[in-house]
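Report on one structure; see the data block that follows.
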Amino acid sequence: MSDDKKLQEFLKKNMKSCPPAPNREYQNILERIEDENKPAISPWKWMGLFGTSVALGVLLFVSLPYFQNSKEQVLTENTQQVEELLQETFSDYASSFEEDEVL
Amino acid sequence: MSQLELKEFEEIYRTQASRVRSILFSLGNQSEVDDLVQEVFIKIWKSYSSFEGKSSLSTWVYRITVNTAIDASRKKKFWSFFDVFKGEEGVAKADSSTERDLVEKGLSKLSEDHRAVLVLSYLEGFSNAELADILDISEGTVKSRLHYAKKEFTETLKKAGVSYE
């Protein structure tokens, strides 16, 4: 027997036998092909997503000036409050200093 | 799918599925053979329109099969790197020394290209010319790969104290 023939028989003897195909293999293949042909997201869903994004963008654009105004208003109010507080503190301090001098 | 396409596809499945399954199994993809058979036929379905008929239909089908098997083996090899972290389970498996396990070990040591020519030639019975067509290489390359694959495989077996002669 040739060397190649011996190797062939040895391999055939020692390889596990291939399991049979599952019953519904062909049907499963067809189902997978049909699934792959379907778009992952339907056109209606794409349109919905696009519409929602546009609506959110418009909302943000419209509300931006409002946020900016309110931010400036808060800053102005805070600055006024700080100024008043400083004035009160310094006037108190100045008057007490004058009293000390008189004494 | 048109009825004509479906009929042709069914015919390819009917005539080639068992050979495709056998090739995938022999090329070392035993645990995922069912998934790979599906993958091969999906690829056939998708690329059937680009089949030019330069080779026979069966050669084209086997080329897709072998490429799918080699890709799957490479992926498996890449992920097997992480098996190191699995601990003793893998070691115990590698130490088992029945003849069948040693053959499996010897084949898995070969590169994907060498394993493919060895298995397709000795187990699946393809001639060198058919292999050259399927693997898209010259017959000289097939002979050379077969020579080195056989040599490496035989040496691995000898080291483990197994001989087929």
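Residue numbers start from 1 in every chain, and the chains themselves are labelled A, B, ... in the order their sequence lines are given, proteins ahead of strands. Since the model is a prediction, treat every value here as computed from it, not as a measurement.
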Within the side chain of B:Gln38, is there an N or O that forms a donor-acceptor pair under 3.5 Å with the backbone of A:Ile29?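 Answer holds: no.
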Any idea which heavy atoms bring A:Glu25 and B:Tyr13 closest together, and the distance?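 Looking at all heavy atoms of both residues, the closest pair is OE1-OH, 2.6 Å.
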Which heavy-atom pair separates A:Tyr26 from B:Leu6 by the least distance, and what is that distance?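 Looking at all heavy atoms of both residues, the shortest contact is OH-O, 3.8 Å.
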Taking B:Glu104, B:Glu10, B:Arg14, B:Lys46 one by one, which has the highest count of heavy-atom pairs under 4.5 Å against chain A?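 Ranked by contacts with chain A, first place is B:Glu10.
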Using a 4.5 Å cut-off on heavy atoms from C-beta on, say whether the side chain of B:Phe9 contacts that of A:Ile33.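 Side chain of A:Ile33 against side chain of B:Phe9, heavy atoms only: contact under 4.5 Å found.
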Counting only non-hydrogen atoms closer than 4.5 Å, can you tell me which residues of residues 148-159 of chain B sit against chain A?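 So the qualifying residues are B:Lys150, B:Phe153, B:Leu157.
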Is the shortest side-chain N to carboxylate O distance from A:Arg32 to B:Glu39 below 4.0 Å?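 No salt bridge links A:Arg32 with B:Glu39.
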Quick check on the structure: residues of residues 11-23 of chain A within a heavy-atom distance below 4.5 Å of chain B, by number.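 So the qualifying residues are A:Leu11, A:Lys12, A:Lys13, A:Asn14, A:Met15, A:Lys16, A:Ser17, A:Cys18, A:Pro19, A:Pro20, A:Ala21, A:Pro22.
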Is it the case that one hydrophobic cluster holds both A:Val62 and A:Val54, taking links as side-chain heavy atoms less than 4.5 Å apart, direct or via other members?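 Linked within one cluster.
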Do A:Val58 and A:Phe50 sit in one hydrophobic cluster, given that two such residues count as connected whenever their side-chain heavy atoms are within less than 4.5 Å of each other, even indirectly?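 Result: yes, single cluster for both.
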So what's closer than 4.5 Å to chain A heavy atoms on B:Leu24: side chain, backbone, both or neither?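 Neither part; nothing is under 4.5 Å.
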How long is the span from the CG atom in A:Asn28 to the CD1 atom in B:Ile42, to the nearest 0.5 Å?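 Separation between the atoms: 10.0 Å.
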